[in-house]
Amino acid sequence: MDRRSFIKLTAITGSAAALTACGNPEHQIIRFVPDEDIVPGQAVWKPGVCPLCSAGCGLTVRVMDADADVVVNGQAGVKRIAAAKKLEGLPDHPVNRGGLCPRGQAAIQVTYHPDRITQPLKRAGDRGAGQYEAISWDEAIAELVGRLDMLAGAGNQRLLAILTRRTSGHRRALVEQFAARFGAPAPVDYELFGDEVLRRANAMSYGRAQLPTFDLANARYVLNFGSDLLGTWNSPVAHSRAYGEMRQGRPGVRGTFVQVEARMSQTGANADEWIPARPGTEGVLALGIAQIITGKFPAYTLDEVEKRTGVDARRVERIARAFDATRPAVAIVGGPPLAHSNGLFTALAVNALNTLVGSVGQPGGVFFTPQISPPAPNAGGVLALQNIGNAQVVFVDGVNPVFTTPRPWQVRESLEKVPYIVSFGSFLDETSALADLILPDHSFLEAWSDALPESGSTTGVAGVAPPVMRPLHQTRATGDVLLDVGRRLATPVNLPWQTVDEMLAATFKALPSATPDVDAWTDAQTKGVWTGMPPGAPRGGPSFIVPATSSVGIPEPEFDGDASQYPFHFLPYPSSTFLDGSLAHLPWLQEMPDPLTSGMWSSWVEINPATAQTLGIAERDVVEIASAHGTLQTAAVINPGIAPDMLAMPAGQGHTTFTRFASGRGENPVTLLAPVTEPVTGALAWAATRVRISRIGPSDGRLVLFAGGIREHVEHGR
Amino acid sequence: VVVAVCLASYGTAVGCRYFQASSSTERPAWQTLPGQTTDVFTTARPSLAAAVNDFFGRLPEGEQPIEFPHNTHIKMNIACSTCHEGVETGPVAGLPSVRTCMICHDAIATDRPRIQQITAMRDKGLDLNWVRVYGFVREAHVKFNHAPHIRAKVECATCHGNIAEQTVAQRNVDLNMGFCVTCHRQNNAPVECLTCHF
């Protein structure tokens with residue numbers, strides 16, 4: 001045989017073997033009878049509620065037939081199901097009015113994620129090793145009931161701790177009632193980028209402990225202190241729509257938009273004027289403006305304001321005059337300015353500006369969405385989280401404190417000491433990887449979902465939606481699991497409802513119906529939303545008290561780290577794709593470029609071009625950032641929109657365990673943070689850490705940019 | 001020979017469903033948990049043969065799960081849309097589930113062996129695994145929608161042949177682009193590329 005025929009023969013034999021060996025012919029796949037009648041090829045749009053942030057936007061979900069891989073009685077096959085295929089904004093929802101942000105668009109991937117936990121799991125190996133064995137729901141619930149009975153038998157009901165995130169729906173109320181009737185302390189909520197400081201300030205300034213709603217659509221001058229209201233803060237879809245109205249919706253009138261912040265956010269990039277004030281001095285600037293308008297704040301002279309904030313005195317005066325002369329004008333504060341030890345002062349100072357120009361409760365000003373039930377009080381989350389190690393049983397519901405708390409709090413170490421941890425999460429993350437029992441929840445498309453938006457609308461609003469599809473896996477709605485567990489305890493915890501939808505029905509039936517002849521519950525289910533004035537909600541404009549800041553001195557922000565050793569302010573900011581990191585498991589969001597840097601699938605640190613030049617750092621170079629509490633290495637991105645003494649890093653990456661898409665990718669800036677808190681609310685001051693930076697080496701390909709980064713300024717000096 | 005080798009490697013790359021699994025070794029922090037069956041995010045073609053057929057634009061000539069007599073049903077004046085229920089409302093006509101069959105056959109012709117066969121399947125929770133007869137290959141990038149054709153009163157037989165004379169449906173009409181465009185021209189229907197193609 002010559003060489004040529006040998007090669008021929010090998011190729012032919014090889015492909016023939018491959019053709020016969022691989023896979024089953026299509027017609028041998030086993031099909032199972034579908035559970036419901038589905039018209040093929042016809043789409044049905046059903047209402048839904050977006051679960052990804054607390055804005056509570058309404059959804060409309062496209063449901064069509066699909067083939068799903070299933071296992072029935074141990075036999076793998078295919079079944080035709082009615083599957084959710086696309087999410088859009090609900091047109092009649094007063095918060096998002098048909099809009100949906102990119103994160104909401106990606107929410108569909110939560111349901112179909114390949115690393116979703118499909119059934120109850122029990123820890124098999126060492127804690128944190130990630131080894132689990134499958135158990136049935138009956139066994140799992142029996143085990144949990146046994147643990148809670150043991151706790152109650154010893155009279156230790158107070159040693160059950162429930163960690164949850166600040167959700168805006170009824171789930172929170174259900175968990176709260178379960179805790180109260182069992183005898184456990186109130187659920188602890190913790191959010192890295194929480195708004196506790198602003199809620200407290202609003203309670204003091206306006207008598208409402210909730211996030212404000214801005215009538216941007218009618219405003220003509222908007223002075224925004226640091227909030228990323230078009231990207232990640234509060235209710236971004238509602239803001240974006242109203243912002244468009246303000247800029248282009250009124251013929252001949254284009255509202256002016258001024259942004260005060262030391263690192264230009266997505267929102268700042270849209271502003272007419274960007275004013276970088278020194279971190280923690282935004283409140284001084286606000287009262288400097290107030291002094292020019294009223295003369296009632298004599299401590300805040302122009303010279304003093306310029307010295308502290310670093311903003312030119314003439315500029316301060318010009319802004320103050322314009323803010324005073326234009327009506328309606330509104331001042332907004334949120335995000336980094338409140339993440340300092342003097343955050344409450346800053347919030348009160350900006351609230352005072354709104355009072356001065358009379359924008360509270362007026363068109364183009366500040367409103368508060370009427371609430372159906374009062375917002376959950378802050379249960380001292382930070383303190384409770386630090387003491388979590390004393391608990392005997394911990395429930396983890398939708399939070400990942402191991403990832404989002406500063407290291408000095410030692411949350412991971414405390415949780416490791418807890419004898420029994422139960423997680424209700426759908427994915428294995430850093431916190432649920434410590435769990436002894438995982439009871440996976442339905443996805444939001446498979447269960448009853450609801451939201452009571454805290455802001456974003458001037459009328460009362462409540463979203464509710466029945467399940468749009470049958471559960472794909474052996475999961476159960478967490479609310480129903482808690483109700484079931486409560487009934488089975490030795491001393492039963494009997495809540496007034498059998499299921500979650502009974503609880504929702506009870507709330508909605510008490511509301512006035514928006515449509516005649518149909519009760520509010522039926523109407524809301526069909527439309528996906530209820531709007532109107534909830535009975536018992538405070539009416540009229542907010543009652544406000546002018547804060548007595550004029551008599552107070554000028555509170556200095558406190559920073560962790562000595563300025564000579566750690567010369568840079570460090571700003572971890574909510575990623576436009578992952579927020580605090582809870583969405584890093586969705587591949588569509590991983591591949592979505594950051595709006596300013598175009599970074600994707602990676603982490604980076606933003607540095608001012610002049611500073612970078614001094615330190616010899618080029619774009620994409622590997623740099624090391626160190627605080628007094630930690631060190632990390634990441635890639636540098638040169639950003640002209642950042643103060644020379646500041647470094648900024650998006651949060652969200654750097655997961656060690658969080659599905660195949662996020663595990664081991666990028667760096668988590670929270671590991672550098674110091675445990676500085678705002679003293680009145682106890683909230684984490686996440687912008688109060690100082691760091692140093694040094695160059696490690698040239699680019700090693702760890703940074704992925706979709707485009708060329710922020711290059712115009714650097715290359716062309718524009 | 002080179003073509004054959006290339007074809008084999010192409011086929012292997014697109015055809016095997018589980019070939020991606022090896023890449024997970026570099027990320028030790030993530031592992032498959034009990035109950036997670038699939039290791040890939042999107043399904044590739046179910047078999048290498050299907051991939052090769054797709055590549056050459058051939059539809060599978062599979063055997064139908066039962067020898068369904070179209071002629072018998074049409075003689076009973078049962079409209080096509082009774083079983084192909086999506087035809088008037090959406091893009092695809094749809095192949096019926098065994099539940100659709102049992103709407104009538106729970107009571108009608110229960111003594112026939114073929115009916116007993118599908119009743120047994122339904123009782124075991126198994127559905128009929130129909131093989132598609134008509135359709136366009138993916139690479140043609142055709143977006144066909146039945147509903148507007150039905151609204152325009154195009155007879156089913158125009159594109160599917162005289163099904164009343166067939167037992168198991170046969171592909172008697174070659175649905176190539178010329179066929180579609182000729183009919184569109186005759187009926188003053190649009191013939192822009194984007195009418196039919198993505």
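Letters A, B, ... mirror the listed sequences (proteins, then strands); counts begin at 1.
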* Asked: Highest number of heavy-atom pairs under 4.5 Å with chain B: which of A/E133, A/Q119, A/Q75?
  ->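 Most heavy-atom pairs under 4.5 Å with chain B: A/Q119.
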* Residue selection (most heavy-atom pairs with chain B, distance under 4.5 Å) from A/I38, A/I438, A/L121 ->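 The candidate making the most pairs under 4.5 Å is A/L121.
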* Do the charged groups of A/R470 and A/E446 touch, with an N to O distance under 4.0 Å? ->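 Looking at A/R470 and A/E446, the cut-off is not met.
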* Asked: Is A/R127 salt-bridged to A/D436, cutoff N-O under 4.0 Å?
  ->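 Looking at A/D436 together with A/R127, the answer is yes, because their closest N to O distance falls below 4.0 Å.
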* To do: Search all heavy atoms of B/Q170 against all heavy atoms of B/Y134 and return the closest pair with its distance.
  =>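 Looking at all heavy atoms of both residues, the closest pair is O-OH, 3.4 Å.
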* Side-chain touch A/Q131/B/L33, heavy atoms, less than 4.5 angstrom ->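 No, too far: nothing below the 4.5 Å cut-off.
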* Determine the option with the most heavy-atom pairs under 4.5 angstrom with chain A, choosing from B/G94, B/G90, B/P34. =>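 Between B/G94, B/G90, B/P34, the count favours B/P34.
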* Contact winner vs chain A - B/A147, B/P91, B/P96, B/G125, heavy-atom pairs under 4.5 Å ->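 If we count pairs closer than 4.5 Å to chain A, B/G125 comes out on top.
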Where on [X] is there a heavy atom nearer than 4.5 Å to chain B: the side chain, the backbone, both, or neither?
{"X": "A/D67", "result": "neither"}
{"X": "A/L428", "result": "side chain"}
{"X": "A/D37", "result": "both"}
{"X": "A/E36", "result": "backbone"}

* To do: Would you check if the side chain of B/N129 reaches a backbone N or O of B/P65 as a donor-acceptor pair within less than 3.5 Å?
  =>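 Checked: no pair found.
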* Asked: With distance as the sole test, does A/S423 use its side chain to make a donor-acceptor pair with the main-chain N or O of A/S432 at under 3.5 Å?
  ->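 Here the side-chain-to-backbone pair does not exist.
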